[in-house]
Amino acid sequence: MQEHTRKILVLEDERQLAKAVREAFGERGFEPIVVSTVDDGIKQLENLGKVDVIWLDHYLLGSGNGLDFVVQVKNHPEWKNIPIFVVSNTASTTNVRSYLQLGVSNYYTKSDFDINQIVNDIEYALEQKTA
Amino acid sequence: MDDIRTGTRGERPVERLPSGGTIVLVLVPFILITVGAFLTWIVWQFPGTDYAEYLPWAIAGLSFLTALTILGMLISVLPPYFAFAKDARRKIARALAQASEAELALRGSGAGYWDYRVPQGEIFFSGHLMAMLGYGDRDLTEKITFWWESVHPDDLEGVKRTMEYHLAKRTPEYAVEYRIKKQNGEYIWVEDRGSAMFDGSTALRCAGIMRDTSNEKRVQEVLQSRTSELEDARIKIEAEIQNVKKFQKAVDSSTEAVAITKPDATLIYVNEAWTKLNGYRAEEALGRNPKLLKSDKTKPEIFGEMWEKITAGYTFRTEDLFNRRKDGSVYQAEFSLFPISDNNQIIFYVNVSQDITQRKEVDRAKTEFVSLASHQLRTPLSAIRWYSEMLLSKYVGELNEKQKQYVKEIYAGNLRMVDLVNALLNVSRIDLGTFAIEPEPVNPMEISDSVLMELTPQITEKQQTVTRIYDPAVGTYLADPKLLRIIFQNFLSNSVKYTQEGGHVEVEVSKRDPDIYIRVSDNGYGIPASQHDKIFEKLFRADNVRQKDTEGTGLGMYIVKAIVEASGGRIWFDSEENNGTTFHVLLPLTGMPKKTGQKGLS
């Protein structure tokens, strides 16, 4: 039903979780690109051309955290409309508030959600967007 | 005017008639009857006798003699009669004068006269009494019911009984106070006194005077209410004084620092907690401006905000005030200031403050801890959750029933764990544990060795070398083995973890009177100079190691420092990025002091 394979950029530093995310999205017909630092994430955006959706953890390897990444994406004319789903175990309410203020699509606490729930939400959001 | 008796009590002296008059009065009829009988006998006997022709002479003679005798007698008694009459006239005049004086006196006193004719059941009210009752100044004689009907129904019984008792001679006097109705229906208070006259035991009349005492009564009532008002006020004032004393005591001994200033901000009161908190004695503080506590650490806009609020009559509250003690140290204060007004006029300001430096630090640390711990604990739980979930979905082929069942158990168990961790995190947000120190003789070198033993797999894997420099003079040391182990464990595992492959780790335990000295050195990654001051902060992890490794809580050095300081020791380090780190600890030879607490560390 899709003309192109939907690309999802995954920023996740935990190897185990990154693998799970890659597999889950792969099974659902996405093309997942997994990175573990903010810098790599930006690089991928620059190189990949079109990215349909972003999965973002708060704590990442390297310098900078998820908030830094969101700020850069939202300030970029071509990237600012890419939906971002923050999936992190950081429960800090100030962080959550900052993310939502910066305009991310949703925030999930990892351990409180099944991965399929999150994938479903992302799929649904993308369908809404194209419709 | 015989109705007016001035002295109703006792017998009035009665003047006796002169005795001669009485004799004349008694004798004259006898004389007349005797002479009359003798004349009748003469008139009856004489005509038949020889002396018939002397009959007229005899009658005339006898009558003349009788008249003479009576005349003589009258003449003899008349003078005393005249004297008596004269005396009587004088007495009557005097009595009249007295009566009108008495009446005037009565009128003057505002009293009215009454006379109760008991057998007739009649009452006489004097004109003045009638006037007093609003009827007009005319005497009145009426049935006694007129009186009874005028008495206030509530008082009637008492009035009647008082009268009955007196008329039955059970009381020497009739005296009662009651309310009586005026013509216009209004009741007035009267004082009524009277006394009865008796014939034997039968009361003939009772007379007395009635006085309008409404005004006195009113005055009395007013006085009484004033008196009780004053008494109430006195009781209230005393209670108030007790209250004030209570409050004074409460404020004096409050554990929060309390200060009171005049509207011009001059201190007029500080409690003990205040002096303890700020280091100034009360004498040093009173009369001065609280600015003496001002420190540069407080943002200047806070004072503007404070002034704005309190002058508008509101309470000002902040947790961002930093006060400087007399000794120069600065503390963060929870500070409230509120104006106390009387009649819209601010009479003074009350300030309550307490040192929240520690609490603030704890709050911050808690927040950071919760944030980081949630990340650390939840990540593996997420992995278990997602992988078991993916096994159950059909991505990697269908599981058989047993397999599905088992994975479901893993999934459910993991969910329980997620709940448990969430609950634990909540508890940690609330709880701040204090830890215990339980010293016993231990060998620090043995503990160091045992930690190195545990680390052997990592050391071997990274092909690192370890050097041990143990001073045998140290021997046994009085310490909590768990805590000492935490020190070695953190130092050594950090060195192994944050030193590259093929690196070198060195551990030293020696004696440096009056302390024992522990040193752990490595030639590893080191700590960036810009972050040296943060190394003992709770949850801190240096940037360079954080980028290389997602593990590590950032709690280790914080805990080590807490243990060393609680033991009366000292900790420091030197480090250069990419060159290595050395941690130094001095612990007093006297050993760790015993400290009781809720939990030990493990």
Side-chain angles (χ1 to χ4, degrees), chain A residues 10-30 32 34-40 55 57-68 86-99 107-120, chain B residues 364 366-397 407-408 411-426 428-429 528 531 539 541-554:
Chain A
V10 178
L11 290 91
E12 173 58 73
D13 60 342
E14 290 287 341
R15 186 195 53 81
Q16 277 190 310
L17 299 184
K19 194 178 170 198
V21 174
R22 188 203 307 274
E23 303 237 358
F25 278 95
E27 287 294 333
R28 299 282 282 263
F30 281 82
V34 180
V35 297
S36 59
T37 66
V38 171
D39 290 346
D40 288 349
W55 166 297
D57 193 1
H58 176 68
Y59 283 116
L60 296 165
L61 293 181
S63 59
N65 60 31
L67 279 171
D68 302 317
V86 180
V87 189
S88 174
N89 273 321
T90 314
S92 153
T93 47
T94 42
N95 280 347
V96 177
R97 213 177 300 128
S98 304
Y99 275 115
Y107 182 99
Y108 298 93
T109 304
K110 280 178 198 161
S111 59
D112 291 340
F113 288 88
D114 282 352
I115 194 159
N116 278 321
Q117 282 172 266
I118 306 173
V119 177
N120 289 343
Chain B
R364 238 182 333 262
K366 265 188 184 171
T367 313
E368 287 171 58
F369 174 78
V370 166
S371 154
L372 208 85
S374 61
H375 187 68
Q376 297 297 335
L377 290 168
R378 282 166 168 164
T379 298
L381 295 174
S382 308
I384 299 168
R385 177 174 192 150
W386 290 357
Y387 281 103
S388 53
E389 181 205 340
M390 288 195 298
L391 269 181
L392 289 168
S393 67
K394 290 147 198 167
Y395 296 159
V396 286
V407 177
K408 274 181 182 168
Y411 183 78
N414 183 63
L415 275 190
R416 273 180 61 189
M417 195 65 156
V418 169
D419 289 343
L420 193 62
V421 166
N422 285 341
L424 279 173
L425 286 174
N426 287 336
S428 82
R429 285 190 184 108
Q531 297 185 321
L539 305 164
R541 296 192 68 217
D543 286 345
N544 56 335
V545 302
R546 208 167 56 78
Q547 289 174 31
K548 291 180 175 104
D549 177 21
T550 55
E551 286 173 33
T553 61

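Atom OG1 of B/T379 and atom CZ of A/R15 lie 12.5 Å apart (nearest 0.5 Å). Rounding to the nearest 0.5 angstrom, the gap separating the CH2 atom in B/W386 from the CD atom in A/Q16 is 11.0 Å. Here the CD atom belonging to B/E389 is positioned 7.5 Å from the CD atom belonging to A/Q117, to the nearest 0.5 angstrom. To the nearest 0.5 angstrom, B/S393 atom OG is 5.5 Å from A/N116 atom CG.
Within the 4.5 angstrom heavy-atom criterion, no atom of A/S36 approaches chain B. In this structure, the portion of A/V87 lying under 4.5 Å from any heavy atom of chain B is its side chain and not its backbone.
Across all their heavy atoms, B/R385 and A/D114 have their closest contact at NE-OD1, 2.8 Å. The minimum heavy-atom distance linking B/S382 with A/K110 is given by the pair OG-CB, 3.3 Å. Residues B/L381 and A/S111 share a closest heavy-atom pair of CB-CB, 4.5 Å.
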